[in-house]
Visitor: 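One structure is given below, represented as structure tokens, and several questions about it will come after.
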Amino acid sequence: MKLRFLTSAVALTAMLLAGPVAAEPILIKFSHVVAENTPKGQMANKFRDLVAERLAGKVEVKVFPNSQLFGDNKVLEAMLLGDVQMAAPSLSKFSRYTNSLQLFDLPFLFNDIAAVDKFQNSAAGQKMLNSMRKKGIVGLGYLHNGMKQLSASSPLRTPADASGLKFRIMTSDVLAAQFEAVNATPLKKPFSEVFTLLQTKAIDGQENTYSNIYSKKFYEIQPYITESNHGLLDYMVVTSAEFWMDLPEDLKGEVKKALDEAIAFGNQVAMKKSIEDKQKIVDSKRSEIITLTPAERAQWVEVMKPVWKKFEKEIGADLVDAAYNSNK
Ligand code: SIN
């Protein structure tokens with residue numbers, strides 16, 4: 001008894017001498033599925049570094065790339081359970097939580113990234129960041145990757161060339177309808193499985209940006225890439241409403257500022273990568289990049305565009321119009 005008292009007294013004295021115990025920094029685990037040398041990978045690392053510089057000891061960001069922690073199909077559940085605090089899934093991966101973001105998957109909706117920017121910065125685009133609030137998800141900002149191209153084991157010049165082929169798609173019904181429109185078979189599969197599916201010829205092709213095709217080496221096993229620019233691959237950086245509400249106001253402001261700066265940086269990387277990574281693929285001579293003639297491209301537009309009508313009601317005709325008008 002006497003010994004236990006003595007031990008406690010010694011421990012207490014040691015604690016008092018050591019001074020107040022420093023509080024642990026608030027941890028933000030940021031989980032994503034792409035390589036570090038991509039627009040999203042670079043954005044997440046920049047965010048981590050800016051937070052480390054400005055909020056040392058108060059907030060710490062740990063980035064988990066390459067589906068190390070969670071694949072995109074699981075990450076939102078994990079975020080709602082508090083196992084990660086931030087993620088940036090592609091806009092095609094939110095359909096369990098909102099219909100409206102399906103807008104961004106409509107084929108041939110945006111002519112270029114300038115039109116995407118114009119729409120995302122508009123009141124309608126900004127409102128969509130809050131479209132999952134009721135489900136506990138807060139959108140903190142959009143991030144670009146770029147326009148998607150089609151890669152395949154055989155050359156694709158016209159929609160007839162895609163007929164009967166199997167394409168991996170993200171978890172989006174719009175993307176499924178887009179491939180069904182050309183009589184192809186869409187398969188919803190996680191990003192982490194695409195390389196193996198292509199390598200084992202379980203699928204014939206996939207759609208993605210030059211940055212993902214290059215960084216995940218799809219070009220090494222897909223001999224043809226058709227520069228279709230038929231769709232968009234963009235992201236929403238999200239957190240859980242619970243985590244965001246609990247974050248003290250002063251820190252929240254600093255975290256958001258760092259994130260906005262990181263997103264601006266990531267968007268610059270996206271612009272550069274869409275040119276540089278395409279060139280690296282060309283230089284590798286592993287995959288031929290097919291440029292469509294205007295007449296060939298018009299055929300893809302003609303068969304894929306009816307997908308808009310199919311989803312117009314779910315998404316909202318006003319949103320489709322607003323997005324389309326951002327091309328002007
Ligand atoms: C990503 O860029 O986050 C992944 C895209 C995909 O699943 O194809």
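Residues take their numbers from the sequence shown, with the count starting at 1. Not measured: the values here are computed from a predicted model. First listed ligand is number 1; within each ligand, the first listed atom is number 1.
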Visitor: Where the closest heavy atom to atom 1 (C) of ligand 1 is concerned, which of Ile169, Val34, Leu143 has it?
Guide: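 When every heavy atom of Ile169, Val34, Leu143 is considered, Val34 comes closest to atom 1 (C) of ligand 1.
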Visitor: Show me which atoms of ligand 1 lie under 4.0 Å from any heavy atom of Leu233.
Guide: 2 (O)
Visitor: Have a look at ligand 1 and work out which part of Thr38, if any, has a heavy atom under 4.0 Å from it: side chain, backbone, both or neither.
Guide: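 Within the 4.0 Å criterion, Thr38 makes no contact with ligand 1.
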Visitor: Could you tell me whether Val194 approaches ligand 1 through its side chain, its backbone, both or neither, with non-hydrogen atoms closer than 4.0 Å?
Guide: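 It is neither; nothing of Val194 touches ligand 1.
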Visitor: Taking the six-membered ring for Trp, are Phe108 and Trp300 closer than 6.0 Å centroid to centroid?
Guide: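 Centroid separation for Phe108 and Trp300: 6.0 Å or greater.
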Visitor: Specify whether Tyr219 and Tyr214 have parallel, tilted or perpendicular ring planes, treating 30° as the upper limit for parallel and 60° as the lower limit for perpendicular.
Guide: parallel
Visitor: Output yes when the distance from some N or O of ligand 1 to some N or O of Tyr235 is under 3.5 Å, and no in every other case.
Guide: yes
Visitor: Quick check: does any side chain N or O of Gln42 sit under 3.5 Å from a backbone N or O of Pro39, one acting as donor and the other as acceptor?
Guide: no
Visitor: Test your reading of the structure: does Ser90 have an N or O sitting under 3.5 Å from an N or O of ligand 1?
Guide: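 In this structure, Ser90 places no N or O atom under 3.5 Å from an N or O of ligand 1.
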Visitor: Under 4.0 angstrom from ligand 1, any heavy atom of Gln206?
Guide: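 Gln206: no contact with ligand 1 (<4.0 Å).
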Visitor: Please state which part of Arg168 comes within less than 4.0 Å of ligand 1, counting heavy atoms only: side chain, backbone, both or neither.
Guide: side chain
Visitor: Who's the nearest protein heavy-atom neighbour of atom 7 (O) of ligand 1, and how far?
Guide: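 Heavy-atom neighbour on the protein nearest atom 7 (O) of ligand 1: Lys93 NZ, 2.7 Å.
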Visitor: Hey, does the side chain of Glu60 reach the backbone of Gly57 with a donor-acceptor pair shorter than 3.5 angstrom?
Guide: no
Visitor: Just jot down the ligand 1 atoms closer than 4.0 angstrom to any heavy atom of Met170, in number order.
Guide: 5 (C), 6 (C), 7 (O), 8 (O)
Visitor: Could you see which bit of Thr209 sits under 4.0 Å from ligand 1, with heavy atoms only: side chain, backbone, both or neither?
Guide: neither
Visitor: Less than 6.0 angstrom from the centroid, inside 45 degrees of the normal: does Lys216 satisfy that with respect to the ring of Phe195?
Guide: no
Visitor: Starting from atom 3 (O) of ligand 1, which protein heavy atom do you reach first, and at what distance in Å?
Guide: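 Its nearest protein heavy-atom neighbour is Lys40 NZ, 2.6 Å.
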Visitor: Check whether any side-chain N or O of Gln126 sits under 3.5 Å from a backbone N or O of Gln120 as a donor-acceptor pair, and report yes or no.
Guide: yes
Visitor: Please check whether Asn145 reaches ligand 1 - meaning an N/O of the residue sits under 3.5 Å from an N/O of the ligand, judged on distance alone.
Guide: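 Between Asn145 and ligand 1 (N or O atoms, distance only) the closest approach is not under 3.5 Å.
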Visitor: Indicate the ring-plane relationship of Phe47 and Phe30, choosing parallel, tilted or perpendicular according to the 30° and 60° boundaries.
Guide: perpendicular
Visitor: Treating Asn212 as the side-chain partner and Asn208 as the backbone partner, does any N or O pair qualify as donor plus acceptor under 3.5 Å?
Guide: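 Not a single qualifying donor-acceptor pair exists.
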Visitor: Keeping the roles fixed (side chain from Lys118, backbone from Lys328), state whether a donor-acceptor pair exists under 3.5 Å.
Guide: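 Yes; judged by distance alone, with no hydrogens or angles, the pair exists.
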